[in-house]
Amino acid sequence: MKTRWPEAYKVIEKLENAGFEAYVVGGAVRDFIRNVDANDVDVTTNATPNEVKQLFPHTIDVGIEHGTVLVVLNETIEVTTFRSETNYSDYRRPDAVTFVRSLHEDLQRRDFTMNAMALSKSDELIDYFGGREDIENKIIKAVGDPAQRFAEDALRMLRAIRFSAQLSYSLEQETMEAIQSLHHLVAHVSMERVKVELEKIWISDFVGNGMHLFVSSHLADNFPGEWETFRNCWKGFSSFGNTANGWAFFAIMQAPAEVESILSYYKCSNAEKAHVKQVLGALKQLEKGCWSLYNFFQFTEEVLVAAASYAKQLLNMEVIYTEELIQQIKARLPISSTKEIVVNGNDLMDWAKKKRGPWIRDAMEKITVMIVNGKLVNDRTEIMEWFFQEYNVDDLQI
């Protein structure tokens, strides 16, 4: 029989042969119970980090003060020592970590029951907190006292919402009530981490679950933006496909003058801001009527598909542009990029005997529009003839 996680099991076997306990833990066990493939496999053990390092020739210290080292085999396996944690003064990280020898003590510090199980290499499930039953019932439930879990690490509240969006699970009542009571603690989470969790919701299969809980849990109260409107408009979208489309969808809900500042608040990159601007631009053009050939040239397929979808779902517009039609129209364009134009600014300067200036950009834009609209052939001779007919070179503003 094929070994499920061969590299992780090699680590476990070596630890066990040295007299230690070792198990697969975390998301891999959750996914094992759900009968889906796991992307990352983590191992926990009662061996200390130094004891782990002595057993394996190639390790990397990535969080040794918290008990974690990477063991490098054909794959890299994260190995963490059983541990308990003390106070969380900043509501994010423990003030101190104590290594322990008890698996139960290690698992009880984890966030949710579905993530607090362990699996031996012989597939023996260790489930002290009912994680398997909660998975079968599709419930996200905090381990132990939910208020204590969230006071320890406020990011866990956002993770609960994100898991709901990814798995289509509901929140157990006491877990939800604890989030509603402690939602203000999310202010202690860095915006970078908040953004990561929101973006995982954007690309999840059940965005609606995530947005409904994000608002009803009151976590959304701590962040700027029209989140209530967002929640009410998600219908029809199972996933945004990528994170930039999620931010574009969110931007549509905002007052136009506030979009730039809101995207900056959420630490969106320049590339994400540019994508949002493109989607909003394509949507604005569509609101005026239909897209021109030049619109199909200037906007990417991804931008056009997103704009068409949002126009239909959010603005109740009758939109004829399917993804297939967009692809067909773009494929028929004479050029797909300005790089394909057979002349450039140097050619124009040579023909006009003029120095570089704003006139070059103006001329190249006109040439591009003419070619895209089929009114000018992408040929040097044709473009030169058009250029001298269009411009009096003596009047060009340098």
Using modelled atom types and a 3.5 Å cut-off, is there a donor and acceptor pairing between side-chain atoms of [X] and backbone atoms of [Y]?
X	Y	answer
Gln148	Gly144	no
Trp247	Lys273	no
Ser170	Ile139	no
Lys267	Ser264	no
Ser261	Glu258	yes
Lys312	Ala307	no
Arg356	Met349	no
Glu7	Asn74	yes
Asn344	Asn346	yes
Ser204	Ile201	yes

Exercise for the section: Decide if the gap between the ring center of Phe129 and the ring center of His104 is smaller than 6.0 angstrom. Expected result: yes
Handout entry: Steps toward ring-ring contact (aromatic ring centres under 6.0 Å, His included) verdict (Phe296, Tyr321)
Key = CA-CA 11 Å; Phe296 282 95; Tyr321 300 116; 5.5 Å; yes
Working to the nearest 0.5 Å, report the span between [atom1] of [X] and [atom2] of [Y].
X	Y	atom1	atom2	result
Asn35	Ile135	CG	CD1	11.5 Å
Arg149	Leu182	CZ	CG	12.5 Å
Leu70	Lys53	CG	NZ	10.5 Å
Lys354	Trp359	NZ	CH2	9.0 Å
Gln180	Leu171	CD	CG	9.0 Å
Leu167	Asp205	CG	CG	9.5 Å

Exercise for the section: Look at Lys366 together with Glu390 and state whether they make a salt bridge at an N to O cut-off of under 4.0 Å. Expected result: yes
Practice task
Scan side-chain atoms only and decide if Asn209 and Gln166 contain a donor-acceptor pair under the 3.5 Å cut-off.
Solution key: no
Exercise for the section: Please determine, by modelled atom types, if Thr68 and Thr80 share a side-chain donor-acceptor pair under 3.5 angstrom. Expected result: yes
Exercise for the section: Could you check His275 against Asn245 for side chain to side chain donor-acceptor pair (under 3.5 Å), going step by step and ending with a plain yes or no? Expected result: CA-CA 8 Å; His275 180 83; Asn245 279 343; 2.7 Å; yes
Exercise for the section: For Glu192 and Lys195, run salt bridge (Lys or Arg N to Asp or Glu O under 4.0 Å): C-alpha distance rounded to whole Å, both residues' side-chain angles, the deciding distance at 0.1 Å, then the answer. Expected result: CA-CA 5 Å; Glu192 288 79 4; Lys195 183 174 184 285; over 6 Å; no
Close side-chain approach of [X] and [Y], heavy atoms under 4.5 Å:
X	Y	value
Thr300	Val303	yes
Asp127	Thr113	no
Met364	Thr338	no
Ile329	Trp291	no
Val43	Val25	no
Leu283	Ile252	yes
Ile383	Ile371	yes
Phe150	Asp111	no

Is it true that [X] and [Y] fall in one hydrophobic cluster, defined by side-chain heavy atoms closer than 4.5 Å?
X	Y	result
Ile326	Leu280	yes
Tyr266	Val196	no
Val11	Leu103	no
Val369	Val342	yes
Met117	Val36	no

Problem - From CA spacing to verdict: salt bridge (Lys or Arg N to Asp or Glu O under 4.0 Å), Arg380, Asp347 - result: CA-CA 9 Å; Arg380 285 183 62 85; Asp347 294 311; 3.3 Å; yes
Is atom [atom1] of [X] surrounded by more than 12 heavy atoms (other residues, nucleotides or ligands) closer than 6.0 Å?
X	atom1	value
Glu177	CD	yes
Asp37	CG	no
Glu324	CD	no
Gln173	CD	no

Exercise for the section: Give me the ring orientation class for Phe297 and Tyr294: parallel if the planes are under 30° apart, tilted from 30 to 60°, perpendicular past 60°. Expected result: tilted
Exercise for the section: Quick one: sort the Phe223 and Phe214 rings into parallel, tilted or perpendicular, breaks at 30° and 60°. Expected result: parallel
Exercise for the section: Verify salt bridge (Lys or Arg N to Asp or Glu O under 4.0 Å) between Arg101 and Glu105, making sure each step is shown before the conclusion. Expected result: CA-CA 8 Å; Arg101 296 291 184 177; Glu105 194 171 356; over 6 Å; no
Completion exercise
For residues 12-21, the side-chain hydrogen bond (donor to acceptor under 3.5 Å, both in side chains) pairs (sequence neighbours left out) are Glu16-Lys121, Glu21-Tyr23
Practice task
Go through Asp106 and Arg110 one step at a time and tell me if the salt bridge (Lys or Arg N to Asp or Glu O under 4.0 Å) criterion holds.
Solution key: CA-CA 7 Å; Asp106 178 83; Arg110 296 175 184 263; 2.9 Å; yes
Handout entry: Within residues 275-294 or reaching into it, pairs that qualify as salt bridge (Lys or Arg N to Asp or Glu O under 4.0 Å) - sequence neighbours excluded
Key = none
Practice task
Quick one: do Asp221 and His183 satisfy side chain to side chain donor-acceptor pair (under 3.5 Å)? Show the steps, please.
Solution key: CA-CA 8 Å; Asp221 296 350; His183 68 86; 4.7 Å; no
Handout entry: Stepwise ring-ring contact (aromatic ring centres under 6.0 Å, His included) check, Tyr169 with Phe163
Key = CA-CA 7 Å; Tyr169 285 14; Phe163 280 127; 8.8 Å; no
Exercise for the section: Kindly indicate, with the supporting measurements, whether the criterion ring-ring contact (aromatic ring centres under 6.0 Å, His included) is fulfilled by Phe250 and Trp227. Expected result: CA-CA 8 Å; Phe250 181 57; Trp227 290 108; 4.3 Å; yes
Problem - Residues Lys330, Phe299; criterion side-chain contact (heavy atoms from CB on, under 4.5 Å); working and verdict - result: CA-CA 10 Å; Lys330 286 187 73 70; Phe299 298 122; 5.9 Å; no
Practice task
Go through the steps for Glu340 and Ser337 under the test side chain to side chain donor-acceptor pair (under 3.5 Å), then give the verdict.
Solution key: CA-CA 6 Å; Glu340 297 176 19; Ser337 166; 5.5 Å; no
